[in-house]
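Take a look at the structure set out below.
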Amino acid sequence: MEEVKMRIKDIKTMDELEACQKSIRRQIGDEGSAIASSFRNMKEEYSPRNIMARSLGAVSEVFPFRRLMLNLVTYLIKVIKRY
């Protein structure tokens, strides 16, 4: 894609005007796509699941959270097997 960079005062014909309009529309579309992609990435990065996973990871460094969760799951399995 050829990018046309022209100043308004340099436009003399309708063809030049249309070429500049197309170029501007393409640039706006490209930037819009980049913004939408960035938004999707940010939305995924800060999803409740990812925030929770990061929080648990940070807590488990200080507090043995993973070991407690493993013990809880083991206990729940034993309780379920009784019934």
Side-chain angles (χ1 to χ4, degrees):
M1 288 189 277
E2 180 184 321
E3 188 173 321
V4 179
K5 290 188 178 188
M6 203 179 260
R7 288 190 248 160
I8 294 175
K9 68 179 184 177
D10 295 336
I11 298 173
K12 305 286 188 229
T13 66
M14 285 302 288
D15 289 338
E16 291 174 346
L17 176 62
E18 289 173 1
C20 284
Q21 288 175 336
K22 285 180 185 177
S23 174
I24 289 171
R25 283 189 198 107
R26 185 173 46 249
Q27 289 173 4
I28 289 171
D30 292 346
E31 290 175 9
S33 296
I35 290 170
S37 175
S38 176
F39 178 74
R40 281 190 299 274
N41 291 342
M42 186 181 305
K43 189 175 174 184
E44 174 67 25
E45 185 70 21
Y46 293 103
S47 70
R49 183 190 64 174
N50 286 340
I51 291 173
M52 186 66 143
R54 272 193 231 104
S55 300
L56 293 177
V59 167
S60 68
E61 291 175 5
V62 177
F63 188 71
F65 185 76
R66 290 182 181 156
R67 189 174 339 151
L68 290 174
M69 289 305 297
L70 181 60
N71 290 336
L72 176 65
V73 169
T74 306
Y75 173 76
L76 290 173
I77 290 171
K78 287 179 184 177
V79 169
I80 291 171
K81 283 184 178 181
R82 282 186 210 161
Y83 294 104

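Keep in mind that what you see is a predicted model, and the values were worked out from it rather than measured.
For S23 (side chain) and A19 (main-chain N/O), no donor-acceptor pair under 3.5 Å exists by modelled atom type.
Sorted by first and then second residue, the salt bridge (charged side-chain N to carboxylate O under 4.0 Å, His left out) pairs with a member in residues 34-52 read E44-R49, E45-R54; sequence neighbours excluded.
Under the 4.5 angstrom side-chain criterion for Ile, Leu, Val, Met, Phe, Trp and Tyr, the cluster partners of I51 are M42, Y46.
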Report, one line per pair, each donor and acceptor closer than 3.5 Å where one atom sits in a side chain of residues 70-83; sequence neighbours left out.
from : atom 1 : to  : atom 2 : distance (Å)
N71  : ND2    : R67 : O      : 3.4
T74  : OG1    : L70 : O      : 2.8

query = Stepwise, does the side-chain contact (heavy atoms from CB on, under 4.5 Å) test hold for M14 with L17?
reply = CA-CA 5 Å; M14 285 302 288; L17 176 62; 4.2 Å; yes
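Taken to the nearest 0.5 Å, the SG atom of C20 stands 11.0 Å off from the CG atom of D15. The distance from the CD atom of E18 to the CZ atom of R25 is 9.0 Å, given to the nearest 0.5 Å.
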